[in-house]
Number of protein chains: 2
Amino acid sequence: VISFENVTKVYPLPAGDVVALAGVDLAIEEGEFVLIMGPSGSGKSTLLNIMGSLDVPTSGEVMIAEKRIGGMDDDDLTLLRRDHIGFVFQQFNLIPLLSVVENVEYPLILKGRQNGTRERAEEVLQAVGIEKTHFTHKPGELSGGQQQRVAIARALVNDPAFLLCDEPTGNLDSKTGTAIMTLLDRMNREEGKTVVMVTHDPRMTEYADRTIRLVDGRVEE
Amino acid sequence: VISFENVTKVYPLPAGDVVALAGVDLAIEEGEFVLIMGPSGSGKSTLLNIMGSLDVPTSGEVMIAEKRIGGMDDDDLTLLRRDHIGFVFQQFNLIPLLSVVENVEYPLILKGRQNGTRERAEEVLQAVGIEKTHFTHKPGELSGGQQQRVAIARALVNDPAFLLCDEPTGNLDSKTGTAIMTLLDRMNREEGKTVVMVTHDPRMTEYADRTIRLVDGRVEE
Ligand SMILES: Nc1ncnc2c1ncn2[C@@H]1O[C@H](COP(=O)(O)OP(=O)(O)OP(=O)(O)O)[C@@H](O)[C@H]1O
Ligand SMILES: Nc1ncnc2c1ncn2[C@@H]1O[C@H](COP(=O)(O)OP(=O)(O)OP(=O)(O)O)[C@@H](O)[C@H]1O
Ligand SMILES: [Mg+2]
Ligand SMILES: [Mg+2]
C-alpha cells in the first residue's frame, strides 16, 4: 500500500547538492509494522517525510494508498495527510501558542469535526499517559518526554490508517517508551493500522514485522 | 564542587503550581562523571537547568564552583555560564539563522576571543563527527542527529570545566552515540572535567562514576 520506485531526493545548496536518498525501492503492505533504521544522516527522516507527503521526491515514483505522490498538487497532498496519515515528527512540531489539549484537538478541527473534539482529544492524551493536570500547559511548560507524547496523541487523534513515527520514543524513559510501543502495537495488531517507525533502539525490533536499513541514502540489501 | 541543599522548584501556572523539584539534596565532586536518570517529567531537565545557572530555584541553596547561584544577578550568572559551563540542551537550541560553524563559533566570540575562532570551531565539529561538507548548512538543513552533535560541539568549544548534558545521545544511532560518549569519557578521565548527564539509556552507566535517580522531583534513596 506504500511503494517507492527508484526514489531520489536531492537538497540543492550553494555549497553543493546533498543526496539524501539515492534510488530507493521499497514496498510496505497494508497492516505491516516496519522499522526504518540506520546511521545519523542516512536519510531516514527524508524518507519518512516523503512517505507522509510532507515533501516530494526529486525523482522516482511514490504511491500511497493507490495515489501517486509526485502527481498531486498541494491541496490534494494536504487532504491525503489530513485524512489518512498520522505523523509523529522527530522535533515534535507542537504549536507553541496552543495548549496541550488544543494542539491535539487541532487535527480534528482541520478535518471539520464540530462535536466532541475536546472529549476525543482528552481521551487520546490519557491513552498516551498525559495527566489532566497538564492539559492546559503550553508546550514550553512541558518536559521533553511530555511534549513527545503530546505529539504522539496528535498523530493518533484522527484515527489514521497510516502511522509514520520519526523516533517516537527517543525522549522517553524505558517504562514510558514501552507503554507507547504497546499502544502502537495494539493499533497495528487489533486495528490493522500500517505503522512505519524510524528508531535507533534495537529493542523495538520485537514489535515490528521487519526492518529496512538505510545507509547513505540507500536501502541496504 | 556542585551542591544542592533542599532545592525546590515550583512553576506557578494558572491551573495550579507544578512542583518540579521537591527538597533536592545532592553533591558532585570535581572530576566526577554522574548520570541523572528518572521517568519522564521527574524533574531532570529542571535540575540540570538550575545546575547550569539557566534558572534559579524557588527555594534552597545551590553552589557551583564556590558561588551561590541564588545570590547572583543575571550578569554574574551569564559570566559563570559563559566561562565555566558547557551545556547541551535537550532541544538543541541552535540559532536557526547561523550556519553550523557560526553556531559553534558563537560562544568563542561571546567570550571575547578574536583569533582562531573559525579554526577552533572546525576542530571541535570534526571531533564530534560533523563533516566539512555540512559546515555551511543552517540547522534546518541538518538531520536530527547532526543537529545534536553540533549542539555538543558548541558546548565543548570554550573548553569548560563543567559539562552538563541533557540527553546528548537521544537522537543518535548506536555507533555515533558511542563515539560521543568516548569523547566525553576522555574529557572526564584525561582532562578532569566534571560531567553531569541526563539520559534514559542504561548503557550509559558504564561510563559514569555513579547515578542519581529522580522520581517526582525527589532524589531517590
Ligand atoms: N516551564 C515550565 N512551566 C511549567 N511547568 C514545567 C515547565 N518545565 C517543566 N515543567 C513541568 O515540571 C515537571 C518536570 O519537568 P522536567 O522538564 O524537569 O522533566 P524531565 O525529567 O526532564 O522529563 P523528560 O524526561 O520528559 O524530559 C513536569 O511535570 C513538567 O510538566
Ligand atoms: N532541509 C535540508 N536541506 C539540506 N540538507 C538536508 C536537509 N534535511 C536533511 N538534509 C541532509 O540530508 C541528509 C539526510 O538527512 P535526514 O534528516 O534524512 O537523516 P536521518 O537519517 O533522519 O538522520 P538522524 O538519525 O540524525 O535524524 C543529511 O546529510 C542531512 O544533512
Ligand atoms: Mg532523522
Ligand atoms: Mg527533560
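First the proteins, then the strands, lettered A, B, ... as listed; each starts at 1.
B/Ile212 CD1 to B/Asp25 CG: the interatomic distance, rounded to the nearest 0.5 Å, is 11.0 Å. Here the CD1 atom belonging to A/Ile64 is positioned 7.0 Å from the OG atom belonging to A/Ser53, to the nearest 0.5 angstrom. Between the CD1 atom of B/Ile69 and the CG atom of B/Leu77 there is a distance of 6.0 Å, given to the nearest 0.5 Å.
With B/Asp209 contributing its side chain and B/Phe33 its backbone, the two residues share a donor-acceptor pair below 3.5 Å. Distance alone, capped at 3.5 Å, places no donor-acceptor pair between the B/Asp166 side chain and the B/Val198 backbone. The backbone N or O of A/Arg118 sits less than 3.5 Å from a side-chain atom of A/Glu105, completing a donor-acceptor pair. Counting only distance, with no hydrogens or angles, the side chain of A/His200 and the backbone of B/Asn171 share a donor-acceptor pair below 3.5 Å.
Close approach to chain A, defined as a heavy atom under 4.5 Å from one of its heavy atoms, is seen in B/Glu141, B/Ser143, B/Gly144, B/Gly145, B/Gln146, B/Gln147, B/Arg149 of residues 139-150 of chain B, taken by number. Listed in order of number, the residues of residues 130-138 of chain A that approach chain B to under 4.5 Å between heavy atoms are A/Thr136, A/His137. Close approach to chain B, defined as a heavy atom under 4.5 Å from one of its heavy atoms, is seen in A/Gly38, A/Pro39, A/Ser40, A/Gly41 of residues 36-49 of chain A, taken by number. Among the residues in residues 5-23 of chain B, those with a non-hydrogen atom closer than 4.5 angstrom to a non-hydrogen atom of chain A are B/Leu13, B/Ala15, B/Val18.
Under a cut-off of 6.0 angstrom, the local environment of CG in B/Asp73 is crowded, with over 12 non-hydrogen atoms contributed by other residues, nucleotides or ligands. Shown here is A/Asp216, whose CG atom has no more than 12 heavy atoms of other residues, nucleotides or ligands within 6.0 Å.
For the 3.5 Å distance criterion, the side chains of B/Thr117 and B/Arg120 fail to qualify, holding no donor opposite an acceptor.
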